[in-house]
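See below for the structure under consideration.
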Amino acid sequence: MITLKDATLQRDACLVGGAWIGADDNQFDDVTNPADGSVLGRVPRLGQAETLRAIDAAEEALPAWQARSAKERGAMLRRWHDLLLEHQEDLAVLMTAEQGKPLAEARGEIGFAASFFEWFAEEGRRAYGDVIPSPQSDRRLLVIKQPVGVCAAITPWNFPAAMIARKAGPALAAGCTIVIKPAGQTPYSALAMALLAQRAGIPDGVVNVVTGDARAIGRAMTESPKVRKLTFTGSTGVGKLLLRQCADSVKKVSMELGGNAPFIVFDDADLEKAIEGVMQAKFRNAGQTCVCANRIFVQAGIHDAFAARLSQEVAKLQVGDGAEEGVQVGPLIDAAAAEKVVEQLNDAVAKGATLLQGGERRGANFLTPAVITGATPDMDCFSEETFGPLAPVFSFQDEAEVIRLANATEYGLAAYCYTRDLGRAWRLSEALDYGMVGINNGHVSTCEAPFGGVKQSGLGREGARQGIEDYLETKYINMAIE
Ligand SMILES: NC(=O)C1=CN([C@@H]2O[C@H](COP(=O)(O)OP(=O)(O)OC[C@H]3O[C@@H](n4cnc5c(N)ncnc54)[C@H](O)[C@@H]3O)[C@@H](O)[C@H]2O)C=CC1
Ligand SMILES: O=C(O)[C@H](O)CS(=O)(=O)O
């Protein structure tokens, strides 16, 4: 049972064309609290037929929505932003209940989500075209930007509000309409945001949210020719599957996929700032973020001091139900996620690593944050995304070695480097094969900057001025004049 100031925010129906609907066959899926396995409620289990109706609703709403001025669309996005902040506490309580993150992080995520609506409310008004000097005096060459059209979004459970806002914000600002499928573990955040979109005055059919059978919904989204773009955030494996499903209709795609972030600390780094940064980069959301420090590389001269300080700070972390004030590390999303982290820990120890701290299972989904040293590239924690509170420390001798090790992965999302040498900071920023690099800080995400990866971490960018480009088509007009 979730106690909210505004109980209407906990929805047990989906939003399609302005109507709150159930599944055609009246099937539901339970929503559970990862902290204790309790059932919080249930949401409709929609499938292909309902999703196709949602796509039709989005298509029907498109002409009127794109005919509005960017300023008018921006005003509604701004109102949606305001409503998220007005209901920040309720939305955070909902999120912690269904996802597990500490309340303080959930409050922060609502603010982060709202920032994308605020940002793109303005970016839509700057979707400029071009006038090109014509090579012929009787021609005029123009370039205009137009909305892509009906978009589909599939989002993950780890940031159930921000990942929706990072997609719906630019889509609506550009004049697109959207059908959103949230993760089955975290539907309440999405449905509450949909209700607030209605209250913000966003017209029926512009924002639609469908919960239920991921495969069937995904198939409807990827196979419908009415859907011009698919935007996905989640694992690389599912991203590749969706990419293949989109190929037949040659859809525009945005992919925000998995990561394997190196966190590099050189001998000349400020040790305390590096410790502060790794605690943030590793243990935010219990390590369940795609930009988490996945491999911690520490130069030999500072290694022992760093490992000792890291272990000290990790031992202080408060683990528990995210709804309890003061908790810093909540449960993992499910038992399988906890088991995967323990398997990586056991693999590392079996291959020679030393466990300094943590790694104990507490109940189904809790795991005490762990620190290991003596990690080596043959271990699973070097090549696989951990997505949990395991901090493997690798030692290295010099720049060339750590650049080679850091880049030895098919992922390329975020990387971090701590050094007080300006030249080294530049050399690492340019040599690290990643979409985002944090220098002397462990948190890079903000709506003003382009979030995204290279290699198998994804395609496209979200946020920043680049973020709206993925929702616009470029049209070239060649006009003959008398
Ligand atoms: N690059 C980025 O910005 C982010 C990447 N991730 C990655 O996502 C993973 C963790 O999140 P999860 O939700 O477990 O990922 P996931 O890939 O299992 O699920 C993501 C979404 O895809 C849906 N989905 C799963 N199979 C599908 C199918 N066959 N057809 C259609 N939809 C399907 C799920 O229901 C969910 O809504 C990690 O690998 C993490 O690195 C997560 C968040 C951000
Ligand atoms: O889903 C994620 O992991 C987020 O993209 C990470 S962040 O944007 O909150 O840093």
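Whatever order the structure lists ligands and atoms in, that order sets their numbers, starting from 1. Only a predicted model underlies this, so the values are computations on that prediction, with no experimental measurement involved.
Taking the six-membered ring where tryptophan is involved, the planes of F112 and F116 are perpendicular, since the angle between them exceeds 60° and thus also 30°.
T409 places a side-chain N or O within 3.5 Å of a backbone atom of Y411 that can act as its donor or acceptor partner. At distances below 3.5 Å, not a single donor-acceptor pair connects side-chain atoms of E448 with backbone N or O atoms of A464. For Q88 (side chain) and L83 (main-chain N/O), no donor-acceptor pair under 3.5 Å exists by modelled atom type. Proximity of a side-chain donor or acceptor of D270 to a complementary backbone N or O of E272 within less than 3.5 Å is detected.
Here the heavy atom of the protein found nearest to atom 24 (N) of ligand 1 is V238 CG1, 3.9 Å. Ranking protein heavy atoms by distance to atom 10 (O) of ligand 2, first place goes to S445 OG, 2.5 Å. Protein heavy atom nearest atom 1 (O) of ligand 2, with residue, atom name and distance: F159 CD1, 3.2 Å.
Listed by number with element, the atoms of ligand 1 under 4.0 angstrom from any heavy atom of P156 are 11 (O), 13 (O), 43 (C). When each atom of ligand 1 is checked for a heavy atom of G258 under 4.0 Å away, the hits are 41 (O). Taking every non-hydrogen atom of L241 and a distance limit under 4.0 Å, the qualifying atoms of ligand 1 come out as 28 (C), 29 (N). Residue L242 approaches ligand 1 through these ligand atoms, each under 4.0 Å from one of its heavy atoms: 30 (N), 31 (C). Applying the 4.0 Å criterion to heavy atoms of A183 picks out, from ligand 1, the atoms 36 (C), 37 (O). Proximity to P182 (heavy-atom distance under 4.0 Å) selects the following atoms of ligand 1: 37 (O). Applying the 4.0 Å criterion to heavy atoms of C290 picks out, from ligand 1, the atoms 1 (N), 2 (C), 3 (O), 4 (C), 5 (C), 6 (N), 41 (O), 44 (C). Every atom of ligand 1 is numbered from 1 in the order shown, and the set under 4.0 Å from a heavy atom of F451 is 3 (O).
Inclusion of S235 in the set of residues having an N or O under 3.5 Å from an N or O of ligand 1 is warranted. Between C290 and ligand 2, a contact under 3.5 Å exists for at least one N or O pair. Taking any N or O of K181, backbone or side chain, at least one lies under 3.5 Å from an N or O belonging to ligand 1. Checking only distances, L257 does come within under 3.5 Å of ligand 1, N or O to N or O. Considering backbone and side-chain N/O of T236, none are found under 3.5 Å from N/O of ligand 1.
Taking a 6.0 Å sphere around CD of E86, one finds it holds more than 12 heavy atoms contributed by other residues, nucleotides or ligands. A 6.0 Å sphere centred on CD of E276 holds no more than 12 heavy atoms belonging to other residues, nucleotides or ligands. Heavy-atom neighbours of R42 CZ from other residues, nucleotides or ligands within 6.0 Å: at or below the threshold of 12. In R215, the CZ atom is not crowded: 12 or fewer heavy atoms of neighbouring residues, nucleotides or ligands sit closer than 6.0 Å.
Between F394 and F382, the distance from one ring center to the other falls under 6.0 angstrom.
Counting only non-hydrogen atoms, the option in F232, F387, F159 that gets closest to atom 22 (O) of ligand 1 is F232. Atom 7 (C) of ligand 1 has its nearest heavy-atom neighbour, among G458, G234, S457, P160, in G234. The heavy atom nearest to atom 9 (O) of ligand 2, out of those in Q288, M436, R166, R284, is found in R284.
Counting heavy atoms closer than 4.0 Å to ligand 1, residue I333 contributes nothing at all. When non-hydrogen atoms are compared, ligand 1 lies under 4.0 Å from the side chain of N158 (C-beta onward) but not from its backbone. Of all the heavy atoms of N285, none lies under 4.0 Å from any atom of ligand 2, so neither backbone nor side chain is involved. Contacts between R166 and ligand 1 below 4.0 angstrom, taking non-hydrogen atoms only, involve the side chain exclusively. Using a 4.0 Å cut-off between heavy atoms, M163 contacts ligand 2 through its side chain alone, with no backbone atom that close. Only side-chain heavy atoms of E385 come within less than 4.0 Å of ligand 1; its backbone N, CA, C and O stay farther off.
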side-chain contact (heavy atoms from CB on, under 4.5 Å) between V207 and V179, worked out
CA-CA 6 Å; V207 174; V179 180; over 6 Å; no

Using the rule given for ring-ring contact (aromatic ring centres under 6.0 Å, His included), can you reason through W157 versus F387, listing the C-alpha separation, both sets of side-chain angles and the distance that settles it, and then say yes or no?
CA-CA 12 Å; W157 48 259; F387 232 59; 5.6 Å; yes

Check the pair N407 / L432 against side-chain contact (heavy atoms from CB on, under 4.5 Å), numbers first and verdict last.
CA-CA 6 Å; N407 286 340; L432 289 168; 4.1 Å; yes

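Protein heavy atoms are found inside the 4.0 Å sphere centred on atom 14 (O) of ligand 1.
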